[in-house]
Amino acid sequence: MPGHRSPHARGPVPGLEGEGGPATVVPLFVLYDYTFRPDGARSKDEALARARAAHVMAVDERLLHPDPHPTREAWCHARVAESERRLAELDPGMSTVLAAHFPLVREPTLVLRHPEFAIWCGTERTADWHLRYNASAAVYGHLHIPRTTWYDGVRFEEVSVGYPREWRAWGRDPGELRHILPAPPEEGS
């Protein structure tokens, strides 16, 4: 398909021109490393024990194998290192749109009905990327809670389509487009 770029392609990151641009769109393929722990959980094992006790378990625990890495955490850390390498190559003056499956910061997980699930929702290693890499927006979808939030003046957009039961709960049309650029003014500004 003309203009199609594999998400695993190496080389320059695609850019956007036009209203709200220019901006570099940065696809991020990071994982989770169990660092988004519920309050009081001091380790991965303690966080997993709390999740089991609450009858909360991500299917990733059974189906997501880290091969060739020894653990999911090692896989996550390798992906973070590769993403940081690519991000460091960008023009520091260019605005970015950081696009990932998982939220870059922990705060969006604070509204989860089951806070124990947060351990499968990202890594603290990305918590400052929206600032370090000049993000005009950060886009993610893992939580299935479509909403716009702001952290440090940067818009975070949850764009998950989710499941039919969630469409009814959120009162949103799953086909509703979300405009990422230009960013609307921050609430209260």
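In terms of heavy-atom proximity, Glu116 sits nearest to Pro38 at CA-CG, 4.3 Å. Between Asp33 and Cys76, the shortest heavy-atom distance links the atoms CB-SG, 3.9 Å. Closest approach of Ser136 and Val97 over heavy atoms only: OG-CG2, 4.0 Å. Scanning all heavy atoms of the two residues, the minimum distance from His130 to Asp152 falls at NE2-OD2, 2.7 Å. The minimum heavy-atom distance linking Thr126 with Leu104 is given by the pair OG1-O, 2.7 Å.
Between Arg147 and Glu157 there is no salt bridge, since none of the side-chain N atoms of the basic residue sits less than 4.0 Å from a carboxylate O of the acidic one. A salt bridge does not link Glu46 to Lys44: none of the charged nitrogens lies less than 4.0 Å from a carboxylate oxygen. A salt bridge does not link Glu84 with Arg125: none of the charged nitrogens is closer than 4.0 Å to a carboxylate oxygen. Classification of Glu82 and Arg85 as a salt-bridged pair holds, one side-chain N sitting under 4.0 Å from a carboxylate O.
For the pair Phe156/Val105, a side-chain contact is recorded, criterion being any heavy-atom separation below 4.5 Å from C-beta on. Side-chain contact between Leu143 and Cys121: present, with at least one pair of heavy atoms (C-beta onward) separated by less than 4.5 Å. With a 4.5 Å cut-off on side-chain heavy atoms, Leu28 and Leu98 count as touching. Looking at heavy atoms from C-beta onward, Glu158 lies out of side-chain contact with Pro108 at the 4.5 angstrom threshold. Between Arg86 and Val26, every side-chain heavy-atom pair lies at or beyond the 4.5 Å cut-off. Using a 4.5 Å cut-off on side-chain heavy atoms (C-beta onward), Leu48 and Ile119 make contact. The closest side-chain heavy-atom distance from Phe36 to Leu112 is not below 4.5 Å. Between Tyr34 and Thr71, the closest side-chain pair of non-hydrogen atoms is not below 4.5 Å.
The ring of His101 has its center no closer than 6.0 angstrom to the ring center of Phe29.
To the nearest 0.5 Å, atoms OG1 (Thr96) and CG (Asn134) are separated by 6.0 Å. Distance CZ/Phe102 to OH/Tyr140: 12.5 Å, rounded to 0.5 Å. Of the inter-residue distances, the one linking His69 atom NE2 with Leu31 atom CG reads 9.5 Å to the nearest 0.5 angstrom. For the atom pair Tyr133 OH and Ser95 OG, the distance stands at 15.0 Å (nearest 0.5 Å).
No more than 12 heavy-atom neighbours from other residues, nucleotides or ligands sit within 6.0 angstrom of CG on Asp39.
Formation of a donor-acceptor pair under 3.5 Å by the Thr35 side chain with backbone atoms of Thr123 is not found in this model. A donor-acceptor distance shorter than 3.5 angstrom exists from the side chain of Arg72 to the backbone of Glu61, with no hydrogens or angles considered.
The aromatic rings of Phe117 and His142 sit parallel, their planes meeting at an angle under 30°, below the 60° perpendicular limit.
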